[in-house]
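In what follows, chains are A, B, ... by sequence order, proteins preceding strands, each numbered from 1. It should be emphasised that the depicted structure is a prediction, and the values quoted were computed from it without experimental measurement.
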Protein chains: 2
Amino acid sequence: MKKKVDKEILQKFFHAAFSVDNVVFGFDESDLKILLIFRGAEPYKGMWALPGDLVYLKEDLDIAAQRVLNDLTSLENIFMEQIHTFGRVNRHPFGRVITVAYYALIKISDYNINASSWAENAMWFSINQLPNLPFDHAEIIEFAKNAFKEKALRQPIGIELLPKNFTLTQLQHLFEAIQETKFDTRNFRKKFLSMGLLIDTNKRSNGSAHRPATLYRFDFTKYNKLQKSGFSFHL
Amino acid sequence: MKKKVDKEILQKFFHAAFSVDNVVFGFDESDLKILLIFRGAEPYKGMWALPGDLVYLKEDLDIAAQRVLNDLTSLENIFMEQIHTFGRVNRHPFGRVITVAYYALIKISDYNINASSWAENAMWFSINQLPNLPFDHAEIIEFAKNAFKEKALRQPIGIELLPKNFTLTQLQHLFEAIQETKFDTRNFRKKFLSMGLLIDTNKRSNGSAHRPATLYRFDFTKYNKLQKSGFSFHL
DNA sequence: GCAAAAGTGTTAGTCATACACCCATGT
DNA sequence: ACATGGGTGTATGACTAACACTTTTGC
């Protein structure tokens with residue numbers, strides 16, 4: 001594959017590495033959360049940080065991001081999206097390492113720790129109560145939060161954070177957490193129901209000392225069809 | 001700086017490079033254009049390609065992207081934004097190179113070729129009539145086009161492509177080109193004027209065989225103020 | 001029967017859309 | 001005077017925003 005590569009070029013440029021870092025979002029009935037891991041290796045051993053890793057020379061970027069996620073949890077079909085690449089010269093103490101950041105959306109209710117990995121020390125942190133973070137991870141999270149916030153307005157991706165069946169109240173609280181604002185209950189329900197994308201499961205929530213709520217699920221099939229014919233979701 | 005770096009890690013990972021590639025947009029009264037350069041060096045010598053370059057080990061990513069742009073034109077204060085990072089394993093014949101793509105917005109009317117560089121062979125191509133492109137540059141342009149299209153709906157960045165003074169007709173044609181659609185003239189003008197962000201320069205366009213048009217300029221100062229107090233532009 | 005969250009409609013204002021003709025200039 | 005693009009207003013329907021009380025359950 002390598003043909004006519006100038007030795008000078010090789011020496012001058014080919015001594016960098018890159019990593020992927022995942023901002024894994026979850027939601028627990030009230031708060032947006034992020035999954036952090038406790039670093040067991042240098043650099044920054046002993047700090048909570050974003051799950052991430054160096055990318056192998058023969059590994060696609062997106063695959064690397066998935067690998068990092070698989071080391072954390074055995075969930076499948078996780079929503080994932082690249083956000084931004086952070087490339088300050090001195091961001092990594094080992095040398096020149098730029099990092100490509102992704103965010104991922106996980107149903108905390110389904111979440112299970114993948115025991116076979118360094119993820120034994122993973123923990124959910126409320127997005128408003130994060131510990132001190134190494135590298136530029138604080139900046140990355142800020143970026144991820146905004147990217148997700150924006151995107152969640154125009155695509156129904158937030159729903160990835162809820163269990164398969166959910167109540168309208170849960171849905172509203174989720175969107176309120178993402179958008180960091182409050183919505184009027186009647187208008188919120190009206191708008192969401194009028195899109196015709198929620199399927200009544202004929203089940204009710206139960207076990208609480210108040211009126212049970214209708215459980216809905218999101219009609220992804222219908223959404224995909226509508227989208228192809230020009231419909232666009234917006235909150 | 002490098003402390004306790006495992007030799008194995010160095011050998012295993014630190015043999016990659018990264019580049020930046022710029023999608024430079026321009027507008028010429030009717031068409032969106034992209035600036036391509038004629039490659040004078042391997043790989044893909046002799047093909048038209050995005051202006052880009054390998055990033056030095058001690059050079060910030062954003063600085064590298066600016067450097068590439070400065071090699072092309074001596075314009076200052078150019079709008080530039082990172083879009084996405086492309087990292088397929090075999091995208092570069094010299095080895096593992098991922099590329100961070102940016103787009104930049106240039107006023108073609110002010111554009112001048114920076115003679116002191118490889119940019120002597122730069123040329124504007126209509127976005128709908130691009131030549132065959134090396135690497136994954138076609139994919140990058142597609143990505144850039146969509147990112148710009150989206151962003152231009154919610155921030156008045158498209159205006160960066162027009163000369164300082166412009167007519168409402170030019171403005172409409174620009175937005176039509178970006179959004180690949182047509183707008184109703186009366187509604188378009190109404191909406192834009194009602195934002196109160198266009199300043200009548202009291203000049204008229206001239207030299208054409210028809211009624212001269214009012215020249216406006218965009219009130220960036222006012223826009224920045226409004227934005228801070230919660231106003232949000234949308235087309 | 002009371003606490004706690006679920007659920008429901010109407011009105012007023014704002015915004016988007018659709019649509020056709022006269023105006024000012026150069027030749 | 002004619003060709004060319006510049007410039008303007010209104011009416012209708014759609015959507016948004018504001019707002020308060022009744023229902024159903026567990027205890």
Exercise. Is the distance between the ring centroids of A/Phe143 and A/Phe86 less than 6.0 Å?
Worked result: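 Yes; A/Phe86 has its ring centre under 6.0 Å from that of A/Phe143.
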Exercise. For the ring pair B/Phe175 and B/Phe183, is the centre-to-centre distance below 6.0 Å?
Worked result: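 That pair fails the under 6.0 Å test.
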For this session: Would you please confirm or rule out a distance under 4.0 Å between OP1 or OP2 of D/dG26 and any side-chain N or O of A/Arg211?
Result: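 Answer no for this pair, as no side-chain N or O of A/Arg211 is under 4.0 Å from OP1 or OP2.
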For this session: Compare side-chain N and O positions of B/Thr169 against OP1 and OP2 of D/dG6 and report whether any pair is under 4.0 Å apart.
Result: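 For D/dG6, OP1 or OP2 has a side-chain N or O of B/Thr169 closer than 4.0 Å.
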Can you measure [X] atom [atom1] to [N] atom [atom2] for me and round it to whole angstrom units?
X        : N      : atom1 : atom2 : answer
A/Phe188 : C/dG9  : CZ    : P     : 18 Å
B/Arg189 : C/dC23 : CZ    : P     : 16 Å
A/Tyr216 : C/dA6  : OH    : P     : 12 Å
A/Phe183 : C/dG7  : CZ    : C1'   : 19 Å
A/Met195 : D/dC15 : CE    : P     : 13 Å
A/Phe192 : D/dC15 : CZ    : C1'   : 17 Å
A/Arg204 : D/dG26 : CZ    : P     : 14 Å
B/Leu235 : C/dT17 : CG    : P     : 10 Å

Problem set entry | Validation row: A/Pro156, A/Leu197 side chains within 4.5 angstrom (heavy atoms) |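 A side-chain contact is absent here, since even the closest heavy-atom pair is not under 4.5 Å.
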Problem set entry | Side-chain touch A/Leu168/A/Thr214, heavy atoms, less than 4.5 angstrom |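 SC-SC contact between A/Leu168 and A/Thr214 ruled out.
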Which part of the nucleic acid, if any, lies within reach of [X] when heavy atoms closer than 4.0 Å are counted: base, sugar-phosphate only, or nothing?
X        : answer
A/Thr214 : sugar-phosphate
A/Asp184 : base
A/Ser205 : nothing
A/Thr167 : nothing

Exercise. Hey, which of A/Tyr111, A/Trp48, A/Phe27 is the one that makes ring-ring contact (aromatic ring centres under 6.0 Å, His included) with A/Trp124?
Worked result: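 Of the listed residues A/Tyr111, A/Trp48, A/Phe27, the ring-ring contact (aromatic ring centres under 6.0 Å, His included) partner of A/Trp124 is A/Tyr111.
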Problem set entry | Nucleotide nearest B/Asn187 when distance is taken to its side chain, options D/dG9, C/dG7, D/dT16 |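 Nucleotide nearest to B/Asn187's side chain: D/dG9.
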For this session: Between D/dG26, D/dT25, C/dA24, spot the one nearest the side chain of A/Pro212, thanks.
Result: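 The answer is D/dT25, which lies nearest to the side chain.
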For this session: Can you check whether any acceptor in the base of C/dT10 is under 3.5 Å from a donor in the side chain of A/Lys190, or vice versa?
Result: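 Between C/dT10 and A/Lys190, which were checked side chain against base, a qualifying N/O pair under 3.5 Å is present.
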Exercise. Can you find a donor-acceptor pair, distance only, under 3.5 Å between A/Arg186 side chain and D/dA20 base?
Worked result: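 Between D/dA20 and A/Arg186, which were checked side chain against base, a qualifying N/O pair under 3.5 Å is present.
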For this session: Assign each of A/Gly207 and A/Lys191 to its nearest nucleotide of DNA chain D by heavy atoms, then name whichever residue's nucleotide is nearer the 5' end.
Result: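 It is A/Lys191 whose nearest nucleotide is closer to the 5' end.
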